[in-house]
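First comes the structure, then the notes that go with it.
A note on names: the letters A, B, ... follow the listed sequences, proteins ahead of strands, and every chain is numbered from 1.
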2 protein chains.
Amino acid sequence: MVRRTKENAEVTRSQLLDAAEIVFNEKGVARASLAEIASAAGVTRGAIYWHFKDKADLVHAMLERVKLPIDEMVDKLSANQLDDPLNYLRNSAISVLSLVAQDAQTCRVFDIVKHKCELVADMEIGREHELQRRSECICSIETAITTAREQGLIPATINPQITAFAWYAYISGLITCWVLNPGLFSLADEAPGMIDMLLNGLRKREE
Amino acid sequence: MVRRTKENAEVTRSQLLDAAEIVFNEKGVARASLAEIASAAGVTRGAIYWHFKDKADLVHAMLERVKLPIDEMVDKLSANQLDDPLNYLRNSAISVLSLVAQDAQTCRVFDIVKHKCELVADMEIGREHELQRRSECICSIETAITTAREQGLIPATINPQITAFAWYAYISGLITCWVLNPGLFSLADEAPGMIDMLLNGLRKREE
DNA sequence: CTTTACATACATGCGTGTATGTATGTAAGA
DNA sequence: TCTTACATACATACACGCATGTATGTAAAG
């Protein structure tokens, strides 16, 4: 039974992306064949080549689907909270961790990006592209830290660039480690405590 | 000109592992062909199949070469320092970061494990295997934290298991992020400061 | 009647594993 | 000490499957 309307085509496309997430998660991006993804979506490879240029294009589309909600959340947080930079850092970090913890799709895609694909040149997920995204994120963190330092919330001796890198690495590490074994503990419950652990080390001590 | 003595065979094996590191780093484990690795080592695929069972065996041998020095270092630190658990955590973390920062081979292999291979079942680097190694490491950290709590060095309210996970995730994240762009800053120089950042957040506040 | 949204069929290449060839090292026996 | 016999350390050649990309077919929508 073939689908011919535009709406049905969108459904097929969506099912292909769902199937891609699942198959990539099982086999890894490199080993997953387009035939298997198509089969999991109930179609043939013809459908994939109709909707996407090739495997890399399929991967990119899969990433875009979850990138948008995350970017939206980060933008929402960064909008007005520069008067309280430390709380901005705290809230944005907790939000991202909670999103990964609660949304199965985001969790799956993170797992694929962190553990089921290879970041090499001319690959499905480019290393340069990943580096650039990271750079932007760290830059945003650095701004908040510099602001906090100007406000005397953290010691004047700290290096904003290094600290921003460490902050990013911490969050990235938490997500990466957690998705490897989501059943270990509730990330949403523990997120505030774990974030505060690093934040308290950063904060200026009261006298 | 072929090599026939046992010593020369060891040299060939070593060159194959060197070549594997380089080619895996360039192309990723999945895309790297055995023919290319053999060619980079100046031999043919026959040599690989003589020294190793298959691609997975080659990868494992490559990992063992750097795993041993790291394990040795961790063991060395964990031997006697349980009377000062917080310093043990600090020293072991700084040691690992310094090793990655200074040893190009360790750095390359870490980069391969973190960014150039896929952690799926029946893969070159097994997910279960990785999980188990992580579990052991976290367990060792947890012991130190529990000891520190008993000694009143850290608040009694903290959860050792969660904290150990966070500590591991932080170090893992720092390494993972840094190897993606080693030129960004000197990891060896900044390691103590970054480790202390989380350690200070963990430590009990003086009154 | 044309375009869409796929399914089907085909050609191609590439990587793996294995089987076999081969030159050298090495140890034992005379 | 010299030869024989076998093992070592690869190189070469072959067969096979599998994934990709593309070309073509086709039924329904507009």
Side-chain angles (χ1 to χ4, degrees), chain A residues 1-20 22-62 116-118 120-125, chain B residues 1-20 22-62 116-118 120-125:
Chain A
M1 192 62 69
V2 281
R3 312 174 194 281
R4 312 290 168 178
T5 75
K6 287 184 179 180
E7 302 81 40
N8 286 343
E10 266 311 299
V11 171
T12 299
R13 188 187 133 97
S14 180
Q15 285 176 339
L16 280 172
L17 291 172
D18 291 341
I22 293 169
V23 176
F24 285 155
N25 227 312
E26 283 175 0
K27 310 261 177 154
V29 173
R31 293 206 165 180
S33 73
L34 296 183
E36 196 175 356
I37 293 171
S39 171
V43 291
T44 67
R45 274 171 48 244
I48 292 184
Y49 281 99
W50 173 255
H51 285 283
F52 310 98
K53 183 174 172 289
D54 52 15
K55 197 175 185 178
D57 192 35
L58 174 63
V59 172
H60 286 134
M62 187 191 69
K116 274 82 173 277
C117 74
E118 304 182 351
V120 293
D122 75 294
M123 199 58 181
E124 287 84 8
I125 301 177
Chain B
M1 191 61 70
V2 282
R3 310 175 194 281
R4 311 290 170 179
T5 76
K6 288 184 179 180
E7 302 81 41
N8 286 343
E10 266 312 299
V11 170
T12 300
R13 189 187 132 96
S14 181
Q15 285 175 340
L16 280 171
L17 291 172
D18 290 342
I22 293 169
V23 175
F24 285 155
N25 226 315
E26 282 174 3
K27 308 262 178 152
V29 174
R31 292 206 166 181
S33 73
L34 297 183
E36 196 175 355
I37 293 171
S39 171
V43 291
T44 67
R45 272 171 50 245
I48 293 184
Y49 280 99
W50 172 255
H51 285 283
F52 310 98
K53 183 176 173 288
D54 52 14
K55 196 176 185 179
D57 191 35
L58 174 63
V59 172
H60 286 134
M62 187 191 70
K116 273 80 173 279
C117 73
E118 303 183 350
V120 294
D122 75 294
M123 199 58 180
E124 287 84 9
I125 301 178

Expressed as a whole number of angstroms, how long is the span from [X]:[atom1] to [N]:[atom2]?
X: A:Tyr49; N: C:dA5; atom1: OH; atom2: C1'; value: 17 Å
X: A:Lys53; N: D:dG21; atom1: NZ; atom2: P; value: 8 Å
X: A:Trp50; N: D:dT26; atom1: CH2; atom2: P; value: 18 Å
X: B:Asp57; N: C:dG17; atom1: CG; atom2: P; value: 11 Å
X: A:Asn8; N: C:dT3; atom1: CG; atom2: P; value: 22 Å
X: B:Arg31; N: D:dA19; atom1: CZ; atom2: P; value: 15 Å

Where the side chain of [X] is defined as all heavy atoms beyond and including C-beta, which of [options] is the nearest nucleotide?
X: B:Arg45; options: D:dA11, C:dA7, C:dG17; result: C:dG17
X: B:Lys55; options: C:dT16, D:dA19, C:dA7; result: C:dT16
X: A:Leu34; options: C:dC6, D:dC10, D:dT20; result: D:dT20
X: A:Thr44; options: C:dT16, C:dT4, C:dA7; result: C:dA7
X: A:Ser33; options: D:dG21, C:dC6, D:dA19; result: D:dA19

**Message:** With a 4.5 Å cut-off on side-chain heavy atoms, are A:Glu118 and A:Val29 touching?
**Reply:** no
**Asked** Mapping A:Ala32 and A:Gly46 onto DNA chain D by nearest heavy atom, which one lands closer to the 5' end?
**Response**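 It is A:Ala32 whose nearest nucleotide is closer to the 5' end.
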**Message:** Would you compute the distance between atom CZ of B:Phe24 and atom CZ of B:Arg31 and round it to the nearest 0.5 angstrom?
**Reply:** 14.5 Å
**Message:** Would you say B:Thr12 places a side-chain N or O within less than 4.0 Å of OP1 or OP2 belonging to D:dC10?
**Reply:** yes
**Request:** Compare side-chain N and O positions of B:His51 against OP1 and OP2 of D:dC10 and report whether any pair is under 4.0 Å apart.
**Result:** yes
